[in-house]
Amino acid sequence: MPDYERRVSQLLQTVTAGSASSLEPKSESPLPAASSEENSPGNHIPESNGVGVEDSLASVQGRVQQMPPVVLGKDMADELGANVGSVVLVTSPQGDLTPFGLVPKYVRFRVAGIFQSGFYDYDTAWAFTSLADAQRLFGLGDVISVIEFKVDDIYRAPAVGRALEEAAGSGFQTTNWMEQNRALFRALRLERVVTFITIGLIVFVAALNILIALIMMVMEKTKDIAVLMSLGARKGQVRRLFVAQGVMTGLIGTVLGLMLGYALAFGLGHYHWIALSPEVYSIDYVPSAPRILDGLVVSLVAIGISFVATVYPSFSAARVLPAEALRYE
């Protein structure tokens, strides 16, 4: 039932064409038995006035409406060339044993909707139909072979899975979202490492700029520093002055960078500016989810590096000797 599926996943909430409401169980429209023959003599409808009744447009449309509904993924629908209202043939691997060998079962389904989750593995391989229709297609009877659970803490999914296996007994297996998407998470983890290295290099270059700027300022303001020290300024005051200037420069740059970074992250997450090839990366855009913790870590690291960059220039300024600096003035 769609209501049950929506409790454990959001795939049916991404239906972009048609609707999933037709998947609700309806007792008046049972699924016809899966057949291994395209036409049988019992299905023939007599002709009237030389024209087969089964060939009339209204009759065809009526038979299509009586077919069981299915909701396909966007990529799967594109590969099949199917749209809402199209008819697709679904084959079951559990066939019928006949004197001519094992003949596969198949049932024609009516495409009632198309969903687009943005995840290639789902959009290219998943389809939804009602439980009763699926049981008849695979010849399972009143049996459910797979049960899906949704846990409050997604990071406890492996532990919950092990508990379910112990409760169900031998012969049952569980899988979770971590195992199913392991390749994608490894790629995202590598992306985070590369991003951290890139940001680190950018901050390092910015720290060098602060260091060079302060050194040049010390060289330019040597006479002014000497005058201040001759008037009674202490070395600690001179050091704090240059430290404050360097840290202030880093603080302003950090605040502006955070504002720009969060704005870009919001745009990437909501408007999908950077497109990817879903066949390669399993997703069709670069995901972005800005977190406050990441911003705090980046800010502290950037301000700390800015402070370290002021150490040498500030001590150089404090070592200025007024007599030497003003000897030729």
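This chain uses plain numbering: 1 for the first residue, then up along the sequence.
- Between the side chain of S306 and the main chain of A207, no donor-acceptor pair closer than 3.5 Å is present.
- Side-chain atoms of S314 come within 3.5 Å of backbone atoms of T310 as a donor-acceptor pair (strictly under, hydrogens ignored).
- Here CZ of R110 is found 10.0 Å from OG1 of T129. Values are rounded to the nearest 0.5 Å.
- More than 12 heavy-atom neighbours from other residues, nucleotides or ligands sit within 6.0 angstrom of CZ on R6.
- For the atom pair OG1 (T124) and CG (L72), the distance works out to 11.0 Å, reported to the nearest 0.5 Å.
- Side-chain contact between V238 and I225 is present, with heavy atoms from C-beta onward closer than 4.5 Å.
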Evaluate the criterion side chain to side chain contact (heavy atoms under 4.5 Å, CB included) for residue pair V205 and N209; output intermediate values, then yes/no. CA-CA 6 Å; V205 172; N209 291 333; 4.1 Å; yes
For W273 and L264, run side chain to side chain contact (heavy atoms under 4.5 Å, CB included): C-alpha distance rounded to whole Å, both residues' side-chain angles, the deciding distance at 0.1 Å, then the answer. CA-CA 10 Å; W273 289 335; L264 290 176; 4.2 Å; yes
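- Side-chain contact between I215 and L211: present, with at least one pair of heavy atoms (C-beta onward) separated by less than 4.5 Å.
- Cluster annotation: L23 is connected to V15 through the hydrophobic network of ILVMFWY side chains, with a link wherever side-chain heavy atoms come within less than 4.5 Å.
- Listed here is the closest heavy atom pair of F138 and S92: CD2-OG, 3.5 Å.
- Around the CD atom of E148, the shell of radius 6.0 Å holds more than 12 heavy atoms that belong to other residues, nucleotides or ligands.
- In terms of modelled atom types and a separation under 3.5 Å, the side chain of D284 and the main chain of A275 share no donor-acceptor contact.
- The closest side-chain heavy-atom distance from D3 to E24 is below 4.5 Å.
- Between W126 and F119, the distance separating the two ring centers is not shorter than 6.0 angstrom.
- Contact between A317 and M229 at its shortest, heavy atoms only, is O-SD, 4.4 Å.
- Contact of the R189 side chain with the R186 side chain is registered, since non-hydrogen atoms from C-beta on lie closer than 4.5 Å.
- Counting non-hydrogen atoms of other residues, nucleotides and ligands closer than 6.0 Å to CD1 of I292 gives a total of 12 or fewer.
- The structure places CD1 of I283 at 5.5 Å from CG of L184, a figure rounded to the nearest 0.5 Å.
- Contact between L12 and A20 at its shortest, heavy atoms only, is CD2-CB, 4.1 Å.
- Atom OG in S86 sits 15.0 Å away from atom CZ in F109 (nearest 0.5 Å).
- Closest of all the heavy-atom pairs between I114 and V84 is CD1-N, 4.4 Å.
- With contacts defined as side-chain heavy-atom distances shorter than 4.5 Å, the pair E179/R182 qualifies.
- Using modelled atom types, one side-chain atom of E165 and one backbone atom of T174 make a donor-acceptor pair closer than 3.5 Å.
- Tracing side-chain contacts under 4.5 Å through hydrophobic residues (I, L, V, M, F, W, Y), one never reaches I154 starting from F149; they form parts of separate clusters.
- Here the shortest heavy-atom pairing between A125 and M76 reads C-CE, 3.4 Å.
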Give the intermediate values and the outcome of salt bridge (charged side-chain N to carboxylate O under 4.0 Å, His left out) for residues K74 and D78. CA-CA 6 Å; K74 179 65 168 58; D78 291 341; 2.8 Å; yes
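- No side-chain donor from either of E191 and T195 sits under 3.5 Å from a side-chain acceptor of the other.
- Clustering ILVMFWY residues whenever any of their side-chain heavy atoms sit less than 4.5 angstrom apart, transitively, puts F307 in the very cluster that holds L251.
- Environment of CD in Q10: sparse, with no more than 12 heavy atoms of neighbouring residues, nucleotides or ligands closer than 6.0 Å.
- Without hydrogens or angle criteria, Y122 side chain to Q116 main chain gives no donor-acceptor distance under 3.5 Å.
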For R192 and D294: C-alpha separation, side-chain torsions, deciding distance, then whether side chain to side chain contact (heavy atoms under 4.5 Å, CB included) applies. CA-CA 11 Å; R192 291 192 64 181; D294 293 339; 4.0 Å; yes
Step by step, work out the side chain to side chain contact (heavy atoms under 4.5 Å, CB included) result for I144 and Q135. CA-CA 8 Å; I144 298 175; Q135 289 174 334; 4.0 Å; yes
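- Side chain of Q237 to main chain of R234: a donor-acceptor pair is present (N/O by atom type, distance under 3.5 Å, no hydrogens or angles).
- For M216, the CE atom is loosely surrounded, since the number of other residues' heavy atoms within 6.0 Å does not exceed 12.
- One distance of note links OH of Y271 with CZ of F266; it measures 5.5 Å at 0.5 Å rounding.
- In this structure, W177 and F185 have perpendicular ring planes: the angle between them is above 60°, well past the 30° mark.
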